[in-house]
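Bear in mind the structure is a predicted one, so any value in this text is a computation, not a measurement. Just so you know, these numbers use all the heavy atoms, side chains as well, and skip hydrogens, waters and symmetry mates.
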Amino acid sequence: MTAPAYRAKVAALLAYVTESRLIGAPVAPVRADSPWDIWWVCYRAQTPAPDLGLRVRAHPGACGRCFDTATALTQAGPVRHPDSLTQSPCACLVDWAKLMRADGGDTDWPPLRASVAMVKPGGDAPGVLRALSREHLVTAVTTRTLTASDARRLYPDAYGAEYVARQDDYLTSSPVTVYALLLNDDAARRPKDLKLGIRAQLADGDVLRNHLHMPDSPGDALCDLAHLISDNTRDDLYGRYDRVAAEHRIARYRDCLDFG
């Protein structure tokens with residue numbers, strides 16, 4: 001993998017623990033740059049840190065208050081969002097979210113064919129389906145109405161009260177259509193290109209109303225499949241098409257992480 005931007009490194013941790021858990025492999029202790037990295041991974045997976053084999057373990061000098069808060073949020077299920085706290089979280093959380101949202105370029109992920117696409121409220125579901133079906137296999141379709149909790153799980157690092165409120169209002173305003181996917185080899189390597197290509201065909205530049213949510217990385221894809229479709233669909237696609245190369249991908253994820 002290429003040298004990762006901040007978000008890509010955290011996404012590599014998500015992929016590492018998610019795939020390791022799917023194949024029953026042990027997870028080595030990882031040192032995170034921030035306690036919020038561990039929280040993000042646990043929240044995306046909706047799995048407590050002990051069940052993922054993770055401990056909240058940050059570099060020396062990390063904020064003690066953030067360490068305590070992230071630990072409290074991730075030690076038991078359901079893994080909670082900082083919005084659930086009675087006391088406002090440390091200002092470090094917004095600084096971390098800005099790092100997660102900073103433009104860091106593209107990452108050369110090892111290919112994963114199982115994925116998912118969600119057509120946002122008011123989006124062109126038939127147009128998205130046509131674009132996906134040209135070269136990829138749609139294996140399942142469902143329609144559901146998202147809750148604010150669903151929106152938080154899809155975008156845990158969204159920040160700014162006004163933006164998050166608009167995001168919640170939009171994503172919960174009407175049903176979404178979700179497609180479970182088996183991507184072709186090119187898209188399995190560069191899913192972001194597929195997403196941006198479809199958005200360019202359909203969207204008008206609105207950062208929220210851009211028709212389509214698709215995960216950019218393997219760990220995000222596996223978590224979104226389980227969240228938006230089902231654990232069974234995720235496990236079936238993964239077992240049939242992606243399990244064979246799991247050890248190779250896990251080795252690539254480990255190259256991005258700090259086991260010191």
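- Once rounded to the nearest 0.5 Å, the distance linking CZ of R234 with OG1 of T18 reads 7.5 Å.
- Scanning all heavy atoms of the two residues, the minimum distance from A97 to Y159 falls at CB-CD2, 3.6 Å.
- Between the side chains of D236 and T233, no donor-acceptor pair is found at a separation under 3.5 Å.
- Exactly one of V178, L237, D224 qualifies for a side-chain contact (heavy atoms from CB on, under 4.5 Å) with I229. That residue is V178.
- Because its NZ or CZ atom is not both nearer than 6.0 Å to the ring centre of Y43 and within 45° of the ring axis, R152 does not count as a cation-pi partner of that residue.
- Side-chain atoms of D157 and V10, non-hydrogen and from C-beta on, never get closer than 4.5 Å to each other.
- Judged by distance alone, with hydrogens and angles left aside, the side-chain atoms of Q75 form no donor-acceptor pair with the main-chain N or O of P50 at under 3.5 Å.
- Looking at Y253, its side chain never comes within 3.5 Å of a backbone N or O of L14 through a donor-acceptor pair.
- L202 has its side chain out of reach of L212: every pair of non-hydrogen atoms, C-beta onward, lies at least 4.5 Å apart.
- Annotation: the span from K120 atom NZ to L146 atom CG amounts to 10.5 Å, rounded to 0.5 Å.
- Rounding to the nearest 0.5 Å places NE2 of H227 at 14.5 Å from CG of L222.
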CA sep, side-chain torsions, deciding dist, call: I250, I23, side-chain contact (heavy atoms from CB on, under 4.5 Å):
CA-CA 11 Å; I250 288 171; I23 69 172; 3.7 Å; yes
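- In this structure, the side chains of I198 and H211 stay at 4.5 Å or more apart for every pair of heavy atoms.
- Looking at every heavy atom in both residues, T172 comes nearest to A148 through CG2-N, 3.6 Å.
- One finds the OH atom of Y155 at 11.5 Å from the CG atom of D168 (value rounded to the nearest 0.5 Å).
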T147 vs D150, test: side chain to side chain donor-acceptor pair (under 3.5 Å). Steps then yes/no.
CA-CA 5 Å; T147 65; D150 291 321; 3.2 Å; yes
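- Shown here for Y6 and S34, the closest heavy-atom pair between the two residues is OH-CB, 3.5 Å.
- When every heavy atom of A114 is checked against every heavy atom of A221, the shortest pair comes out as O-CB, 3.8 Å.
- A heavy-atom distance below 4.5 Å is not found between the side chains of T71 and P35.
- By the rule that hydrophobic residues join a cluster once side-chain heavy atoms approach within less than 4.5 Å of another member, L183 and L196 end up as members of separate clusters.
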List the steps and the verdict of side-chain contact (heavy atoms from CB on, under 4.5 Å) for W36 and M100.
CA-CA 10 Å; W36 293 111; M100 288 288 285; over 6 Å; no
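- Under a 3.5 Å cut-off, the side chain of R249 and the backbone N or O of D242 do form a donor-acceptor pair.
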For side-chain contact (heavy atoms from CB on, under 4.5 Å), just list the numbers for L132 and L194, CA-CA rounded to whole Å, side-chain angles, deciding distance to a tenth of an Å, and then say yes or no.
CA-CA 9 Å; L132 292 171; L194 173 62; 4.2 Å; yes
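- A salt bridge is absent between R166 and D169: the closest approach of a Lys/Arg side-chain nitrogen to an acidic carboxylate oxygen does not fall below 4.0 angstrom.
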Let's go through R189 and D185 carefully: what are the C-alpha distance in whole Å and the side-chain angles of both, what is the deciding distance for side-chain contact (heavy atoms from CB on, under 4.5 Å) to 0.1 Å, and is it a yes or a no?
CA-CA 7 Å; R189 289 179 173 83; D185 289 342; 3.6 Å; yes
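- Note on V141: it clusters hydrophobically with L181, by side-chain heavy-atom contacts below 4.5 Å among ILVMFWY residues.
- Contact of the H213 side chain with the V116 side chain is not registered, since no non-hydrogen atoms from C-beta on lie closer than 4.5 Å.
- Side-chain polar atoms of D33 and W96 form no donor-acceptor pair below 3.5 angstrom.
- Salt bridge annotation for D216-R7: absent, with no cationic side-chain nitrogen under 4.0 angstrom from a carboxylate oxygen.
- When all heavy atoms are compared, the tightest approach of F259 to P29 is CD2-O, 3.3 Å.
- Nearest heavy atom pair, residue R21 against residue L52, reads CD-CD2, 3.8 Å.
- The shortest distance between side-chain heavy atoms of Y16 and V30 falls below 4.5 Å.
- For the atom pair H81 NE2 and R153 CZ, the distance stands at 13.0 Å (nearest 0.5 Å).
- Taking CD from Q201 and CG from D124, the interatomic distance works out to 10.0 Å, rounded to the nearest 0.5 Å.
- Side chain of S173 to backbone of Y170: a donor-acceptor contact under 3.5 angstrom is found.
- Using a 4.5 Å heavy-atom cutoff, the side chains of S217 and T107 are not in contact.
- V94 and W39 fall into different hydrophobic clusters, where Ile, Leu, Val, Met, Phe, Trp and Tyr residues are linked whenever their side-chain heavy atoms come under 4.5 Å apart, directly or through other members.
- At least one side-chain heavy atom of M118 sits under 4.5 Å from a side-chain heavy atom of L154.
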